[in-house]
Amino acid sequence: MKQTDLELLGQRIRQTRKSLSWTQEELADNADIDRSYIGGVERGQRNLSFTVLCQICTAMHCDIATLTNNIPDARHEMGQNDSFIQ
């Protein structure tokens, strides 16, 4: 089964959190977000807002681009003849 974009983002957040040796509760406290919400984000069950993503990244001292690199995968989202602004 193909991993969704939210699941991939959640996996990256979990990996970054674990690299800091933080629990979900510690991330939630540092980001001022409910712990159960963090769990949902990490499982790809929450469609988090940009503001919440900023809070999470600020808490973990990481760049948003690190967590969102190639999400969505532009090769799958665009056809051969499509173009986009770079």
Side-chain angles (χ1 to χ4, degrees):
M1 185 159 128
K2 184 181 181 303
Q3 190 176 37
T4 68
D5 293 336
L6 287 175
E7 288 170 338
L8 180 56
L9 178 59
Q11 178 183 7
R12 291 177 182 178
I13 290 170
R14 178 181 286 124
Q15 289 170 345
T16 304
R17 173 182 61 78
K18 287 186 173 191
S19 75
L20 297 168
S21 300
W22 284 1
T23 64
Q24 287 181 347
E25 188 168 352
E26 288 170 314
L27 173 55
D29 288 344
N30 287 317
D32 196 29
I33 299 169
D34 187 77
R35 193 220 45 88
S36 64
Y37 189 86
I38 293 291
V41 167
E42 289 186 354
R43 290 187 303 276
Q45 297 172 336
R46 297 283 186 166
N47 190 4
L48 64 162
S49 69
F50 184 74
T51 301
V52 170
L53 182 58
C54 287
Q55 287 174 249
I56 290 170
C57 288
T58 299
M60 295 192 300
H61 305 287
C62 73
D63 187 66
I64 291 172
T66 302
L67 297 179
T68 60
N69 186 38
N70 290 325
I71 299 176
D73 185 349
R75 292 170 292 173
H76 296 300
E77 297 297 318
M78 300 180 62
Q80 292 288 346
N81 296 326
D82 293 336
S83 64
F84 60 95
I85 299 171
Q86 291 183 325

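Since this is a predicted model, take the numbers as computed values, not measurements. Only this structure's heavy atoms are used, side chains among them; waters, hydrogens and symmetry mates stay out.
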Task: Leu27 and Ile13, any side-chain heavy atoms less than 4.5 Å apart - done: yes
- [ ] Mind checking the CG-CG spacing from Leu67 to Leu8? Nearest 0.5 Å is all I need.
- [x] 10.0 Å
Open item on the list: Test of understanding: with side-chain hydrogen bond (donor to acceptor under 3.5 Å, both in side chains), list the residues that count as partners of Gln11, not counting sequence neighbours.
Closed with: Gln3
Task: salt bridge (charged side-chain N to carboxylate O under 4.0 Å, His left out) contacts in which one or both residues fall within residues 19-30, not counting sequence neighbours - done: none
Open item on the list: Among residues at least two apart in sequence or on other chains, which ones pass salt bridge (Lys or Arg N to Asp or Glu O under 4.0 Å) with Arg46?
Closed with: none
Open item on the list: Would you compute the distance between atom CD1 of Ile64 and atom CG of Asn69 and round it to the nearest 0.5 angstrom?
Closed with: 13.0 Å
Task: Donor-acceptor under 3.5 Å (Thr4 side chain, Glu7 main chain) - done: yes
TODO: Name all pairs fulfilling the side chain to side chain donor-acceptor pair (under 3.5 Å) condition that reach into residues 30-42, sequence neighbours left out, sorted by first residue then second.
DONE: Arg14-Glu42, Arg17-Glu42, Gln24-Arg35, Gln24-Glu42, Asp34-Ser36
Task: Contacts of type side-chain contact (heavy atoms from CB on, under 4.5 Å), residue Leu20, not counting sequence neighbours - done: Trp22, Met60
Can you list, pair by pair, the side-chain donor-acceptor contacts under 3.5 Å of residues 48-55, counting residues two or more places apart and other chains?
| unit_1 | atom_1 | unit_2 | atom_2 | d |
| --- | --- | --- | --- | --- |
| Ser49 | OG | Thr51 | N | 3.4 |
| Ser49 | OG | Val52 | N | 3.1 |
| Gln55 | NE2 | Ala31 | O | 2.8 |

